[in-house]
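Only one structure is covered here, and it is reproduced in the block below.
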There are 2 protein chains.
Amino acid sequence: MTRWLDEEQQRAWRAFLDAQQVLQRGLEAQLHDEADMPHGYYELLVRLSEAPERRLRMAALAEAAVSSRSRLSHAVAQLEQRGWVRREACPDDRRGQVAVLTDDGYAALAAAAPGHVEAVRRLLVDRLTPEQLRQLRAISEAITRV
Amino acid sequence: MTRWLDEEQQRAWRAFLDAQQVLQRGLEAQLHDEADMPHGYYELLVRLSEAPERRLRMAALAEAAVSSRSRLSHAVAQLEQRGWVRREACPDDRRGQVAVLTDDGYAALAAAAPGHVEAVRRLLVDRLTPEQLRQLRAISEAITRV
DNA sequence: CCGGAATGGTTGAACACTCAACATCCTTGT
DNA sequence: ACAAGGATGTTGAGTGTTCAACCATTCCGG
């Protein structure tokens with residue numbers, strides 16, 4: 001009954017799994033070593049830094065960073081601890097919380113970014129042709145598409 | 001000084017990040033729900049099941065599963081706890097340990113496999129054209145290539 | 001053949017993520 | 001107006017991963 005993967009599909013899947021591991025491990029290690037933050041936190045800082053006034057509702061931030069609510073809660077608590085983010089009450093919804101990137105948080109992001117971008121290049125971008133990068137985008141969007 | 005990513009690269013990178021998250025989350029959830037094991041454990045069982053006599057040196061298993069030694073040690077301890085794997089001393093190297101897949105372990109893998117493969121199809125394979133799957137493989141191999 | 005370096009593997013602490021349960025607040029239908 | 005259901009965000013326990021330190025064994029150059 002099960003539609004197993006054929007040889008071709010199997011190979012592609014395995015190759016992808018391995019690549020994903022290598023990539024993720026590499027990025028995580030670089031950020032940990034040079035900026036002392038996990039990749040997930042970096043993503044949060046990025047999304048916040050790009051938001052108007054550097055602030056976002058928790059739910060919006062969670063969606064932007066493809067994160068669960070729970071994960072975000074824990075992460076923001078940690079970021080607040082470090083002084084990189086602060087929480088504010090949401091004016092028009094008393095349930096709501098708004099995460100705001102502090103100046104220190106922005107500085108931490110700015111300090112981490114060059115090394116991180118270099119790692120992204122070294123591990124991914126510079127290894128692919130422009131054509132492959134376009135393909136990767138199309139593939140990724142097919143995966144994400146609802 | 002920093003060679004930032006251009007618009008095109010940025011988009012591809014972000015799309016890939018999102019897709020990776022979605023995929024990983026989906027697979028993890030499926031295996032957790034239907035087979036009560038993390039994806040990493042599943043991978044270990046797969047690699048063991050494909051090895052001659054269903055046994056591998058720890059180091060070899062770590063490499064096959066793209067895992068760190070430490071992670072593997074902890075994971076195998078847990079798998080041993082569940083009775084899915086057992087450790088044996090390595091005859092020709094007194095430092096060595098060999099991980100052996102038990103019958104229970106094989107049964108657990110066989111039970112989990114159909115649901116997992118279906119998830120891989122639903123989340124990845126069936127969303128891509130055969131051509132895209134070939135591209136993904138080439139891209140993945142470019143990332144993994146030393 | 002010996003001493004230092006490399007390899008194999010484990011351990012414990014610190015940390016991040018997951019899930020389920022929960023409290024609070026908003027919304028909707030009647 | 002109000003009850004029921006939905007949404008928002010947090011919490012704590014459980015679990016997996018990482019990192020650094022460690023012991024044991026094997027390898028290798030002099």
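Below, chains carry the letters A, B, ... as their sequence lines are ordered, and counting in each starts from 1. All values below come from the heavy atoms of this structure, side chains included, with hydrogens, waters and symmetry mates left out.
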inquiry  = Working to the nearest 0.5 angstrom, can you tell me the gap between Phe16(A) CZ and Glu141(B) CD?
reply    = 13.5 Å

request  = Answer yes or no: does a side-chain N or O of Tyr41(A) lie under 4.0 Å from OP1 or OP2 of dA16(C)?
outcome  = yes

query = What is the distance, rounded to the nearest whole Å, between atom OH of Tyr42(B) and atom C1' of dT15(D)?
reply = 21 Å

message = OP1 or OP2 of dG9(D) versus the side-chain N and O atoms of Arg57(A): is any pair under 4.0 Å?
response = yes

request  = Using atom CG of Leu72(B) as one end and atom C1' of dT18(D) as the other, report the distance to the nearest whole Å.
outcome  = 14 Å

task = Find the distance Gln24(A):CD to dG16(D):C1' and express it as a whole number of Å.
result = 13 Å

ask   = Rounding to a whole Å, what distance do you find between Leu56(A):CG and dG9(D):C1'?
value = 15 Å

ask   = Arg69(A) near the nucleic acid: base, sugar-phosphate alone, or nothing, with a heavy-atom cut-off under 4.0 Å?
value = base

request  = Tell me which nucleotide among dG16(D), dC25(C), dG9(C) gets nearest to the side chain of Met58(B).
outcome  = dG9(C)

Contact summary for Gln97(A) and Cys90(A), nearest pair of heavy atoms = N-CB, 4.1 Å

message = For the CG atom on Asp103(B), are there more than 12 heavy atoms of other groups (residues, nucleotides or ligands in this structure) within a distance under 6.0 Å?
response = no

Nearest to side-chain heavy atoms of Ser73(A), which nucleotide of dT11(D), dG9(C), dG16(D) = dT11(D)

query = Could you state the CG-P distance from Leu44(A) to dC17(C), rounded to the nearest angstrom?
reply = 9 Å

query = For the hydrophobic clusters of this structure (ILVMFWY residues joined by side-chain heavy atoms under 4.5 Å, transitively), does one cluster hold both Ile139(A) and Leu133(A)?
reply = yes

Between C1' of dT17(D) and CD of Gln21(A), the distance in whole Å = 11 Å

Upstream residue (5' side of DNA chain C) when Ser68(A) and Arg95(A) are each assigned their closest nucleotide = Ser68(A)

inquiry  = I want to confirm an ordering. Mapping His74(A) and Ala60(B) to their closest nucleotides on DNA chain C, which one lands closer to the 5' end?
reply    = Ala60(B)

ask   = Is a donor-acceptor pair below 3.5 Å formed from side chain Ser70(A) to base dT11(D), judging by atom type as modelled?
value = yes

request  = Whole angstrom is fine here: how far is it from CD in Glu28(A) over to P in dT17(D)?
outcome  = 13 Å

inquiry  = I'd like to know if the side chain of Arg127(B) reaches the main chain of Arg145(A), judged simply by a donor and an acceptor atom lying under 3.5 Å from each other, with no hydrogens or angles considered.
reply    = yes

task = Output yes when at least one side-chain N/O atom of Arg71(A) is less than 4.0 Å from OP1 or OP2 of dT18(C), else no.
result = yes

ask   = Starting at the 5' end of DNA chain D and moving along, which residue's nearest nucleotide shows up first, Arg25(A) or Ala77(A)?
value = Ala77(A)

key: Whole-Å gap separating P (dG16(D)) and CG (Leu79(B))   = 9 Å

side-chain N/O Arg94(A) vs dT8(D) OP1/OP2, d < 4.0 Å = no

